[in-house]
Structure formats: C-alpha cells, structure tokens
Undergrad: 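Just passing along the structure, written as structure tokens.
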Amino acid sequence: MMIKETYQVTAGDMTAAGDVSARIKRHMKQLGIPASVMRRVAVGTYEAEINLVIHSDGGRIDFAITPEGIDIRVVDVGPGIADIEKAMTEGWSTATNEVRNMGFGAGMGLPNMKRNADEFTIASEVGVGTDIHMLFRI
Ligand SMILES: Nc1ncnc2c1ncn2[C@@H]1O[C@H](COP(=O)(O)OP(=O)(O)OP(=O)(O)O)[C@@H](O)[C@H]1O
Ligand SMILES: [Mg+2]
C-alpha cells in the first residue's frame, strides 16, 4: 500500500508550532517505523515546521513511504533564502528577539535537518519560497 500524507503548516501561530511534527510522529508509530528512524524524522520535520511558522508565510509537509525510505518534502511560500550557504551555517539566524525569547533562533534548525537525514536538498527562490527534500532510510 502506498502511504502518502500532506500536512498544512500555518505561519505565525506559535501556539500550534510542533503540532504537525507530533502528528507525523504518531503516524509513524502506528505504522511501526523503527524508533531510531522515527526519532530522526521527528527532528527533521519539527525543525522544518518551526521554520515554516517563523520564517515563511505558510506551507506544507508531505510525508511518504517509498522503497527508498521515508520521504519528506517541505514547501513554503514566503521570502525565501538569499544565501543558502549562510543559512546552512550553524549559529547563523535572522530570527527576531521576540522569537529568540521563545527559545528559537539558535541557527541550528537547517544544520540539524541535514545531519539527521540520509539525503538533504534545499532550493529557494527569493520572494517565492523554499523547497526542502529529506530522505530517511529505514
Ligand atoms: N522556510 C524558510 N523561509 C525563509 N527563510 C528561512 C527558512 N528556513 C530558514 N530560513 C533562514 O535561514 C536561517 C537559518 O535557519 P535555521 O533553521 O538553521 O535557524 P533558525 O530558524 O534561525 O534558528 P533555530 O532553527 O535554531 O531555532 C533562518 O534564520 C532564516 O533566515
Ligand atoms: Mg529553524
């Protein structure tokens, strides 16, 4: 059976931030995904979700199980990222003080996604949005 789900992420709503990645984790538990894989996907989708809430105007997270593994695609509409190399640098962040006071904005989300995924690609167009692909082998 082909398993494919799409989850919408709303921008700006910090009270709901984390809900989608929690739902994805529950879904994986039901599917019997090994705990070590589940943990890595949970980290990747959580960081992606928070970035959508904080940095974008909203988007979606697609979850699919393919012969290669767990395939996650994150697509948003928003300002995009002008310098991806900079954005991928640990500690680099444009987060506001308000966001930092909530405990985010360490500049660790994207590096964390890359570290946890077996494959990671990011593409972005300024003024359009950002597109991230992560593959987690089972
Ligand atoms: N979806 C996005 N749209 C626009 N800009 C983004 C997006 N995701 C990341 N960025 C930019 O890349 C920077 C680095 O992102 P990263 O997730 O690594 O750190 P952060 O979100 O600032 O802090 P942390 O993830 O540690 O809470 C962000 O500060 C922001 O400037
Ligand atoms: Mg982040």
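Atoms within each ligand, like the ligands themselves, are counted from 1 in listed order. Just so you know, these numbers come straight off a predicted model, no measurement behind them.
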Undergrad: Using 30° and 60° as the class limits, which term best fits the ring planes of F63 and H27: parallel, tilted or perpendicular?
TA: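 Judged by the thresholds at 30° and 60°, the geometry between F63 and H27 is perpendicular.
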
Undergrad: Closest approach of P111 and A87, non-hydrogen atoms and distance?
TA: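 Nearest heavy atoms, P111 then A87: CD-O, 4.5 Å.
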
Undergrad: For the side chain of E125 and the backbone of G80, is there at least one donor-acceptor N/O pair under 3.5 Å apart?
TA: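 No, E125 side chain to G80 backbone: no donor-acceptor pair under 3.5 Å.
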
Undergrad: Check whether any side-chain heavy atom of M28 lies under 4.5 Å from a side-chain heavy atom of I70, and answer yes or no.
TA: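 The answer is yes; the side chains approach within 4.5 Å.
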
Undergrad: Between K4 and D62, is the closest basic N to carboxylate O distance under 4.0 Å?
TA: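 No salt bridge links D62 with K4.
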
Undergrad: If the threshold is 4.0 Å, N to carboxylate O, is there a salt bridge linking E90 and R115?
TA: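 Result for this pair is yes, salt bridge flagged.
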
Undergrad: Closer than 2.8 Å to the Mg ion (ligand 2), which protein N, O or S atoms?
TA: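 Only N51 OD1 fall inside 2.8 Å of the Mg ion (ligand 2).
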
Undergrad: Pick out the protein N or O atoms lying less than 3.5 Å from any N or O of ligand 1, and list each pair with its distance.
TA:
{"residue": "ligand 1", "atom": "1 (N)", "partner": "D76", "partner atom": "OD2", "Å": "2.8"}
{"residue": "ligand 1", "atom": "8 (N)", "partner": "N51", "partner atom": "ND2", "Å": "3.4"}
{"residue": "ligand 1", "atom": "17 (O)", "partner": "N51", "partner atom": "OD1", "Å": "3.0"}
{"residue": "ligand 1", "atom": "17 (O)", "partner": "N51", "partner atom": "ND2", "Å": "2.8"}
{"residue": "ligand 1", "atom": "17 (O)", "partner": "L110", "partner atom": "N", "Å": "3.3"}
{"residue": "ligand 1", "atom": "18 (O)", "partner": "G109", "partner atom": "N", "Å": "3.2"}
{"residue": "ligand 1", "atom": "18 (O)", "partner": "L110", "partner atom": "N", "Å": "2.9"}
{"residue": "ligand 1", "atom": "21 (O)", "partner": "N51", "partner atom": "OD1", "Å": "2.9"}
{"residue": "ligand 1", "atom": "21 (O)", "partner": "H55", "partner atom": "NE2", "Å": "2.8"}
{"residue": "ligand 1", "atom": "22 (O)", "partner": "S93", "partner atom": "OG", "Å": "2.5"}
{"residue": "ligand 1", "atom": "23 (O)", "partner": "G105", "partner atom": "N", "Å": "3.4"}
{"residue": "ligand 1", "atom": "23 (O)", "partner": "A106", "partner atom": "N", "Å": "3.3"}
{"residue": "ligand 1", "atom": "23 (O)", "partner": "G107", "partner atom": "N", "Å": "3.0"}
{"residue": "ligand 1", "atom": "25 (O)", "partner": "G109", "partner atom": "N", "Å": "3.1"}
{"residue": "ligand 1", "atom": "26 (O)", "partner": "A106", "partner atom": "N", "Å": "3.1"}
{"residue": "ligand 1", "atom": "26 (O)", "partner": "G107", "partner atom": "N", "Å": "2.9"}
{"residue": "ligand 1", "atom": "26 (O)", "partner": "M108", "partner atom": "N", "Å": "2.8"}
{"residue": "ligand 1", "atom": "27 (O)", "partner": "G105", "partner atom": "N", "Å": "2.7"}
{"residue": "ligand 1", "atom": "29 (O)", "partner": "S93", "partner atom": "OG", "Å": "3.4"}
{"residue": "ligand 1", "atom": "29 (O)", "partner": "T94", "partner atom": "N", "Å": "2.8"}
{"residue": "ligand 1", "atom": "29 (O)", "partner": "T94", "partner atom": "OG1", "Å": "3.3"}
{"residue": "ligand 1", "atom": "31 (O)", "partner": "T94", "partner atom": "OG1", "Å": "2.5"}

Undergrad: When you measure from the side chain of R40 to the backbone N and O of R137, does any donor-acceptor pair fall under 3.5 Å?
TA: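 Checking the backbone N and O of R137 against the side chain of R40, a donor-acceptor pair under 3.5 Å is found.
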
Undergrad: So, the side chain of R60 versus the backbone of T6: is there a donor-acceptor pair under 3.5 Å, distance only?
TA: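 Judged by distance alone, no pair lies under 3.5 Å.
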
Undergrad: Using atom types as modelled and distance alone, determine if a side-chain donor or acceptor of R73 lies under 3.5 Å from a backbone N or O of D131.
TA: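 Side chain of R73 to backbone of D131: no pair is present.
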
